[in-house]
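A short worksheet on the structure shown next.
If you're wondering where the values come from, they're calculated on a predicted model, not measured in any experiment.
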Amino acid sequence: MSTQRMKAAGLMAGVALLGIGGITPANAGVTAEGQFESRILWWTPPTESRRWTDNNTTGDYTGIYFSGCQSDDDFRGYDYASLTLWKNVSNAPDRSKGTRNNYCGWVDYGDPDDAGSYYFNLSGVGNGDFIKIEHVKVAW
């Protein structure tokens with residue numbers, strides 16, 4: 001068997017094993033509970049995304065994908081965006097589900113294991129003051 005075929009077989013076996021174990025990242029190519037796609041036009045911290053509802057009917061991870069990333073720092077360019085995942089809590093402070101740096105790719109937050117309304121907040125930018133992201137995908 002060629003090396004390329006062995007790598008492909010190993011990858012497929014790993015994906016199958018993760019699915020059987022109940023750990024399924026939202027970006028694994030399997031249908032997640034929900035998703036939306038958008039773009040970010042020159043956000044600066046603190047800016048919030050739209051809200052979405054996670055019924056928590058699956059064990060999928062919540063993930064945020066960026067591509068086509070730019071910052072207003074022409075010299076250094078885009079480095080990362082710090083994103084905090086929040087659960088909206090009525091009549092109480094919202095609950096943080098963690099902060100991750102997105103270096104222009106996928107960032108997984110794990111399974112929030114908590115049904116409710118969620119959003120992410122741009123809490124920091126690596127270089128510059130503003131970011132522009134051509135393609136944003138949020139899946140849960």
**Request:** Answer yes if the ring centres of Phe36 and Trp52 are under 6.0 angstrom apart, and no otherwise.
**Result:** yes
**Item:** In one Ile/Leu/Val/Met/Phe/Trp/Tyr side-chain cluster, 4.5 Å: Val107, Tyr80
**Value:** no
**Asked** Is Val138 reachable from Tyr109 through a run of hydrophobic residues whose side-chain heavy atoms are each under 4.5 Å from the next?
**Response**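 Linked within one cluster.
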Nearest-0.5 Å distance, [atom1] of residue [X] to [atom2] of residue [Y]:
X      : Y      : atom1 : atom2 : answer
Ser123 : Leu85  : OG    : CG    : 11.0 Å
Thr99  : Leu83  : OG1   : CG    : 8.5 Å
Thr53  : Tyr118 : OG1   : OH    : 10.5 Å
Cys104 : Asn102 : SG    : CG    : 7.0 Å
Asn121 : Asp94  : CG    : CG    : 10.0 Å
Cys69  : Glu134 : SG    : CD    : 9.5 Å

Write down the atom of [X], the atom of [Y], and the distance for their closest heavy-atom approach.
X      : Y      : result
Asn56  : Ala115 : CB-N, 3.8 Å
Gly110 : Pro112 : O-CD, 3.3 Å
Ala81  : Ile131 : CB-CD1, 3.8 Å
Gly63  : Asp108 : CA-OD1, 3.6 Å

Ignoring hydrogens and angles, tell me if any N or O in the side chain of [X] forms a donor-acceptor pair with the backbone of [Y] under 3.5 Å.
X      : Y      : value
Ser71  : Gly77  : yes
Lys132 : Gly68  : no
Glu33  : Thr57  : yes
Thr44  : Asp129 : yes
Ser38  : Val136 : no
Glu37  : His135 : no
Ser49  : Phe120 : yes

**Message:** Under the rule for side-chain hydrogen bond (donor to acceptor under 3.5 Å, both in side chains), what residues qualify as partners of Arg39, not counting sequence neighbours?
**Reply:** none
**Request:** Just do the side-chain contact (heavy atoms from CB on, under 4.5 Å) check on Lys97 and Asp114 with the steps written out, would you?
**Result:** CA-CA 10 Å; Lys97 294 293 187 168; Asp114 197 7; 3.4 Å; yes
**Prompt:** Please walk me through it: do Val125 and Trp43 pass side-chain contact (heavy atoms from CB on, under 4.5 Å)?
**Reply:** CA-CA 10 Å; Val125 175; Trp43 280 16; over 6 Å; no
**Prompt:** Does any pair with a residue in residues 40-49 pass salt bridge (Lys or Arg N to Asp or Glu O under 4.0 Å), and if so which ones, sequence neighbours excluded?
**Reply:** Glu48-Arg51
**Message:** Once side chain to side chain contact (heavy atoms under 4.5 Å, CB included) is applied, do any residues pair with Asp79, and if so which ones, sequence neighbours excluded?
**Reply:**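 Partners of Asp79 under the side chain to side chain contact (heavy atoms under 4.5 Å, CB included) test: Tyr103, Asn127.
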